[in-house]
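Written out below as structure tokens is the structure these notes cover.
Numbers for residues simply follow the sequence, beginning at 1. Keep in mind it's a predicted model, so treat the numbers as computed, not measured.
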Amino acid sequence: MAPPGPAGAHPTSAEPLSRSVFRKFLLMLCSLLTSLYVFYCLAERCQTLSGPVVGRSGSGEEAGTPGRGVPAGGPGELAAWPVAARRKRLLQVRPRPRRRPPAPRADREEAGEEEPPGLAGSLGGSGAGSSVAETPPGTLALLLDEGSKQLPQAIIIGVKKGGTRALLEFLRVHPDVRAVGAEPHFFDRSYDKGLAWYRDLMPRTLEGQITMEKTPSYFVTREAPARISAMSKDTKLLVVVRDPVTRAVSDYTQTLSKRPDIPSFESLAFRNRSAGLVDRSWSAIQIGLYAEHLERWLRHFPARQMLFVSGERLVRDPAGELGRVQDFLGLKRIISDKHFYFNQTKGFPCLKKAEGSGRPHCLGKTKGRPHPEIDAQVLRQLRDFYRPFNRKFYQMTGHDFGWDG
């Protein structure tokens, strides 16, 4: 065996090799840990930002001012928002919506259901597509089981082709409104399924938020007033009404788009045209007898719990009419002129930013269809027919809607 070298002699060749390997191992380990840490941080940030921080909340699942989370006027208005709504918005996550089988078209039409629009740019929320019954909760807080499902405190009960879809879409901009997208039809079609089933359709809400739904056929369903009253006598009811003659033509136009072979408007509207005998049994005519339907509702609800929204004013001045609605629902006036622009092509107001989207949102192609030409004499006869019913309706509601001018 070779004697050890003198003190200070250079180490053997194996010694520097082992130290070199060890240093490389430490360097690789540090690099790996650093990479994992950076990846973790990035993943956490991406999760936080996975839902838009600007705009939405308040629908059947979400709503907010245009763009979800920060009012259109800028961050300066954020302080005015309820704390719970702001927290909800900043923790936004957008899971995939659940879908329910769509009802047959014929059934929807006979029951008076308005088709939910396809959004410009698409949106599941409150009702993109007729099969969407509910968009699931869109916030991290709700995914963590915060909030709860409540029976609706407010319901849009009518009327078909009056502007109910527009009202719901506009209301969903408000951060304190949560609404089911499509029409549940609980109080007219599915009452036997029970209130537990109905509640399960509703979105989760946080404290201070209102749960809503809209089904226009409730207004003309005889059993609906008593059934809603049995659920809660404090339910607030909204009715969007429109000139009954124009409404009837719009109703016919919708049916014609699905069944082009139906008889003419004139032949359906009159039993005897020469005698001016209007066919009250035709649903398009019968829905417009607002005073008769309202009498049933007033047996179960006081007039102060009902708000009648002008479908015409909802088109001309959406912010003004939404102001009345927000006051009626006890909401802070957040929805204003800055949320709307007028689409000249469709002839309707549109949202500058839809809930859950930074894009403008107009109602779908089923809204604003051009009406067929109807003989002017036919329209005059129908106006004469509706005039006494309209005047009685004005007296009952304390508001002249100006349909007889």
Side-chain angles (χ1 to χ4, degrees), residues 58-63 95-116 124-127 129-138 142-143 145-160 164-165 167-168 171-172 177-239 293 296-302 305-306 329:
S59 70
E61 285 321 343
E62 299 105 341
R96 182 180 302 173
R98 293 180 299 182
R99 293 181 178 270
R100 300 177 186 270
R105 276 192 172 188
D107 292 347
R108 285 204 308 267
E109 181 183 320
E110 290 172 5
E113 177 175 347
E114 294 188 16
E115 296 181 9
S126 193
S130 58
S131 63
V132 179
E134 174 191 358
T135 305
L142 296 179
L143 290 175
D145 288 332
E146 290 189 24
S148 59
K149 293 190 175 187
Q150 305 289 336
L151 291 169
Q153 296 91 44
I155 303 177
I156 301 173
I157 60 172
V159 300
K160 181 187 178 187
T164 59
R165 173 57 55 183
L167 177 60
L168 184 68
L171 271 176
R172 293 181 66 186
V177 173
R178 310 276 289 173
V180 181
E183 297 164 7
H185 283 280
F186 174 66
F187 294 103
D188 57 352
R189 295 186 198 168
S190 304
Y191 194 63
D192 59 328
K193 295 183 179 179
L195 287 174
W197 176 87
Y198 183 49
R199 181 189 288 110
D200 193 53
L201 296 179
M202 300 299 126
R204 289 184 181 274
T205 53
L206 300 173
E207 184 178 356
Q209 293 181 320
I210 293 176
T211 301
M212 292 188 65
E213 71 115 315
K214 80 107 177 168
T215 303
S217 55
Y218 290 163
F219 189 63
V220 297
T221 300
R222 291 186 175 274
E223 302 81 5
R227 289 173 174 178
I228 295 177
S229 177
M231 176 187 73
S232 174
K233 294 183 182 297
D234 297 324
T235 306
K236 293 186 176 183
L237 307 173
L238 296 99
V239 190
H293 304 305
R296 289 196 298 270
W297 287 92
L298 292 178
R299 296 187 195 119
H300 298 273
F301 291 93
Q305 280 178 231
M306 303 185 73
L329 295 176

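At a threshold of 4.5 Å between non-hydrogen side-chain atoms, the residues L195 and M231 count as touching. At a threshold of 4.5 Å between non-hydrogen side-chain atoms, the residues Q153 and D234 do not count as touching. For the pair M212 and L238, the minimum side-chain heavy-atom distance is below 4.5 Å. Taking the side chain as every heavy atom from C-beta outward, L171 and L329 approach each other to under 4.5 Å. Looking at heavy atoms from C-beta onward, I157 lies out of side-chain contact with F187 at the 4.5 angstrom threshold. Considering only heavy atoms from C-beta on, E183 stays 4.5 Å or farther from E213 through its side chain.
Between the side chain of R296 and the backbone N or O of R222, no donor-acceptor pair lies under 3.5 Å. Between the side chain of K149 and the backbone N or O of R199 there is no donor-acceptor pair closer than 3.5 Å. The closest donor-acceptor contact from the side chain of T211 to the backbone of A154 lies at 3.5 Å or more, if one exists at all. At least one donor-acceptor pair closer than 3.5 Å links the side chain of Q305 to the backbone N or O of T235. Panel note: side chain S229, backbone P225; no donor-acceptor pair is recorded below 3.5 Å.
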Does M202 form a side chain to side chain contact (heavy atoms under 4.5 Å, CB included) with V180? I'd like the steps, not just the answer. CA-CA 6 Å; M202 300 299 126; V180 181; 3.6 Å; yes
Evaluation steps, side chain to side chain contact (heavy atoms under 4.5 Å, CB included), between V239 and M306: CA-CA 7 Å; V239 190; M306 303 185 73; 4.1 Å; yes
Just do the side chain to side chain contact (heavy atoms under 4.5 Å, CB included) check on F219 and L237 with the steps written out, would you? CA-CA 10 Å; F219 189 63; L237 307 173; over 6 Å; no
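Nearest approach of S232 to F301, heavy atoms of both residues: O-CE2, 3.9 Å. In this structure, T164 and P216 approach most closely via the heavy-atom pair OG1-CG, 3.4 Å. Nearest heavy atom pair, residue Y191 against residue A230, reads OH-CB, 4.4 Å. The heavy-atom pair separating S217 from D188 by the smallest distance is OG-OD2, 2.6 Å.
Relative orientation of the F186 and Y198 rings is parallel, given thresholds of 30° and 60° on the angle between their planes.
The structure places OG1 of T221 at 9.5 Å from CZ of R189, a figure rounded to the nearest 0.5 Å. Rounding to the nearest 0.5 Å places NZ of K214 at 7.0 Å from CG of L168. Rounding to the nearest 0.5 Å places NZ of K236 at 6.5 Å from CD1 of I210.
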